[in-house]
Every structure is written in structure tokens, then in C-alpha cells.
Amino acid sequence: MALPHDATFYNDTRYVPIVFDAVPDGVQANLLRVRQGLQPRPDELLARYEVFARLCADRAQRAAYQSLIVDARVVTPERYLKLWREAVAQAITPTQLHDEHGLSVIACLEAPAMAVRGATCSWTSTPWPTFDELREEFAAQLLGEEESEEESVEAGGETSAQARQARRARQVRLELDLRLDRAASAMFYATSMFSRALGYDSDQWQARLELRGAVLRPQPASLFDADSDVEKGTQRGAKRPAATSTLRTQPTCQEGHHVHPH
Amino acid sequence: MSTHIEYQWHAFVVPPMEDLRQTAGSVSDHAAIDRYVVAIEGGESNCFDNRTGKRSRSWEAGMLGTPAQVLAQAVHFAGCCEGGSLLPHNKACKPEDYIARIRKLLQASRIGAERGYWYANIDLEPDHPAAAFARECRLECRTEIRYGTTRLCVSVGSGQRVRVFDFIDRFPDLRAWQLVRVGGLPSS
């Protein structure tokens with residue numbers, strides 16, 4: 001999936017690579033991560049070279065060992081990367097991803113509300129001078145917010161240290177569907193604001209992407225007709241599950257002969 | 001910021017008959033297949049030789065193991081090609097092309113047509129699991145401190161250089177230059 005050019009400071013096309021893995025129940029859509037289960041890093045709006053670096057760090061190596069197969073066929077790492085290159089060239093928008101496949105990519109932003117109040121961004125290109133403006137623009141997507149000073153005083157009379165501590169611990173949580181105008185931008189610049197306010201390595205904040213929607217689809221009994229030939233680059237007669245056509249040249253991946261998610 | 005430039009590649013073929021793991025006392029029961037040591041001449045783009053004025057360069061072991069292991073290591077390196085931090089012959093290159101180059105190198109390499117030589121030079125972090133494996137195999141280990149960093153040097157003994165393949169089989173996170181050194185290859 002490709003994002004608008006203004007999604008980041010770099011003014012280039014950023015990608016959210018999605019892979020369709022064969023699982024026992026069918027085909028599961030996943031965000032491309034180096035290894036499932038790792039804490040997602042906050043830099044998931046990937047430049048093209050980062051997509052390929054990520055592929056070469058994991059999946060393409062597994063293709064070399066033939067422990068990752070594509071549409072039930074062994075592929076060379078070169079061929080596997082070529083498939084991705086074609087997929088990147090034909091990347092679709094977040095709206096197309098939703099309309100054609102029922103999938104949405106959600107930017108989940110979470111940080112201590114007090115700590116990021118008024119937080120500024122390191123990038124001068126930011127459309128939002130502080131996090132407050134960003135939060136205001138996406139108020140409808142706000143899931144959690146700290147209570148105001150007035151509410152706190154009304155509720156408890158005077159604000160105790162304990163109450164202040166509790167309020168500091170309150171999280172501001174935003175969930176932005178990347179179909180929304182400037183949502184990808186908000187993801188990028190909010191990450192910078194959080195990082196600046198709390199430190200890049202801090203575990204107090206999160207900025208991650210989630211894939212939602214019909215991520216699991218039943219897989220047809222056979223993905224290919226007899227005359228199809230992935231290794232030669234032809235995919236004639238491929239019977240693809242609907243989800244796999246998102247990345248038109250990115251067929252389903254299967255690890256080894258033991259079908260399980262990556 | 002520098003980029004890494006690669007100038008030449010050379011593959012040493014290690015035939016199964018040289019593989020000690022087929023003999024008594026071996027530590028691995030893997031099938032006997034050809035193994036490779038891929039030497040790469042490379043250097044940084046911003047380092048120059050004081051005498052010649054050319055970019056400085058040297059040969060180093062880059063990849064090691066079975067064809068699949070070597071290709072997987074080539075894929076690892078190839079990830080740097082797309083971003084331009086690895087330039088074969090100082091030219092931009094797609095990861096696919098870099099991997100294909102190494103694949104062709106393996107296919108073209110022949111036993112007995114070798115230049116240069118390679119030898120085992122196992123240099124590990126002391127707390128790496130491979131260090132425990134080395135001791136388990138009763139290999140001679142000695143600790144060295146270099147620039148304030150402690151390293152474990154493992155001697156495999158004369159004629160047993162193929163033992164490095166036991167290390168790469170068991171610990172794929174090790175890099176070829178931690179296990180092998182190369183020499184006798186012509187500079188570009």
C-alpha cells in the first residue's frame with residue numbers, strides 16, 4: 001500500500017507492505033514485519049529501500065533455504081524480490097485496500113496525556129505546531145483523554161498528589177485510519193513529537209500500525225491450475241483468493257511445508 | 001557518510017572429501033555436499049590509500065557454507081544494495097542482481113581452479129553460544145583483549161579448517177569473517 005507524498009518530511013512515496021500468508025484456516029493478511037511478535041518499531045511508513053531491506057533481512061533469506069514458498073512453489077530469493085518489486089510498482093491506496101479487500105491500516109498512537117501536551121515536533125515541515133493541534137484535528141478518532149483540571153477539582157475538591165499522579169498516567173490514544181486525509185502525516189509527526197517528549201527508546205509511548213478487517217480468508221482448495229508457473233514469472237490461470245490480488249504480483253506465502261503464520 | 005564498495009569476488013570450493021564430519025569423531029552428521037568460502041575484495045568509499053591514491057580495499061571472507069547458506073548470507077548483504085550503501089563495482093545494484101551475481105559465482109567455481117587460500121580463524125564474543133560449542137568440541141580456546149574488548153580465539157588445529165562449517169551450520173548468526181580469513185588473492 002502506498003501513502004501520499006506528503007506523509008513524511010522526506011516527500012517521497014512511503015509504503016506499508018502487506019503479505020498474505022497461508023495459515024491452516026486459509027489466507028491471513030499481515031503487515032510485513034521481520035519477525036512476528038517483535039515490538040513494532042515506530043517507523044513503519046517505509047521508504048522503498050526499507051521495504052527491500054526488510055525483505056532481505058528475513059523472508060528472502062528463508063526463500064534461499066526454501067523454507068518460504070510462494071503459492072506452494074519454491075522460488076529463488078531473486079524471484080521473490082522481483083515479485084515484491086512488481087507489487088511495489090503497483091501499490092494501491094488505503095482507500096483501494098479497503099474497497100477492494102475490506103482491509104484497513106490503522107495508526108495507533110498512545111502516550112501519557114500530560115507528557116505530550118504541547119509537545120512539538122523535530123521536523124519544521126509539520127502541519128501541526130504542537131500535538132494539541134494534531135489531537136484537535138483528529139478529535140473524532142480520540143479513544144482516551146485525560147480529565148481536565150476543572151473536572152478533577154470538582155470531583156475531589158482539591159487535587160492531591162495522588163490524583164495528579166493518576167492523571168499523569170492517563171493515556172491519550174488515537175486510532176487513525178490511514179484512509180483519512182493527513183492520517184499518515186499525523187502518524188509520522190506524532191511519532192516525532194512523542195519521541196521528542198519522552199525519548200525514542202521510551203516504552204511510555206507507542207506509534208504502531210495495525211491491519212484490521214477481513215485479515216483471514218478461506219483459501220481455495222488449489223491456488224493454481226496445472227499450467228501455471230510462478231517460477232518462470234507467469235501466473236496464468238492462478239486461482240487466487242480475493243485478498244491476494246491486493247498485491248497483484250504478491251502471491252500467498254507459506255513457510256516450509258508446515259503451514260503456519262510468520 | 002560512506003558506502004561500501006565491492007570490487008572482486010572469489011569462491012573457494014570445499015569438496016565433501018575434505019569434510020571432516022564424515023570421519024570418526026565428527027561433530028555433525030550433515031549430508032556431505034560441497035561447501036563454499038566466498039572471498040570479497042571491498043572497502044569504504046571515503047578511505048583512500050596514502051601511497052596509491054586509490055580507494056583502500058582488502059580481501060575478506062564474506063560468505064561461508066552450503067549453497068543455500070551462502071545465498072542466504074548474500075541476501076542479507078543484498079538488503080544494503082537497494083538503499084545504496086553497498087555498491088558492487090561502485091555502481092548502483094538491485095538486491096536481486098547482487099544475489100544473482102553470487103549465485104553465478106558459486107556455479108562457476110571449480111575445484112582445483114582456485115587462486116589464493118583460506119584458513120580457519122575463529123574469533124568469537126566470549127558469551128556467544130558458539131564459544132560453549134567450541135569448548136564442548138574440546139577445541140583450544142584462548143581469550144584475548146583487543147582495544148579493550150574481550151574476544152575468544154578458537155584454534156581448530158592443522159588440517160581441520162572445515163570445522164568452521166560446523167559453526168556456521170549451528171550458528172547462522174555468525175559472519176564469515178568471524179570464522180575464516182583469506183589470502184593470496186590479487187588486488188584490483
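Chain identifiers are assigned alphabetically (A, B, ...) following the order of the sequence lines, protein sequences preceding nucleic acid strands; residue numbering begins at 1 within each chain.
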>> If I compare all heavy atoms of B/V75 with all of A/A60, which pair ends up nearest, and what's the gap?
In response: CG1-CB, 3.5 Å

>> Among B/P67, B/A78, B/C81, B/A68, which residue has the highest count of heavy-atom pairs closer than 4.5 Å to chain A?
In response: B/A68

>> Show me the pairs that pass salt bridge (Lys or Arg N to Asp or Glu O under 4.0 Å) and involve residues 146-157 of chain B, at least two apart or across chains.
In response: B/D123-B/R146, B/D123-B/R151, B/E144-B/R146

> Rounded to the nearest 0.5 Å, how far does CD of B/Q73 lie from CD of A/Q61?
Replying inline: 8.5 Å

> With a cut-off of 6.0 Å (strictly less than), are more than 12 heavy atoms of other residues, nucleotides or ligands near OH of A/Y49?
Replying inline: no

> By number, which residues in residues 47-58 of chain B have some heavy atom less than 4.5 Å away from chain A?
Replying inline: none

>> Suppose a student defines contact as a heavy atom less than 4.5 Å from any heavy atom of chain A. Which residues in residues 87-106 of chain B would they list?
In response: B/K94, B/P95, B/E96, B/I99, B/A100, B/R103

> How far apart are the closest heavy atoms of B/A72 and A/Y65, and which atoms are they?
Replying inline: CB-CE1, 3.4 Å

>> Tell me which pairs pass salt bridge (Lys or Arg N to Asp or Glu O under 4.0 Å) where either residue lies in residues 173-188 of chain B, with sequence neighbours left out.
In response: none

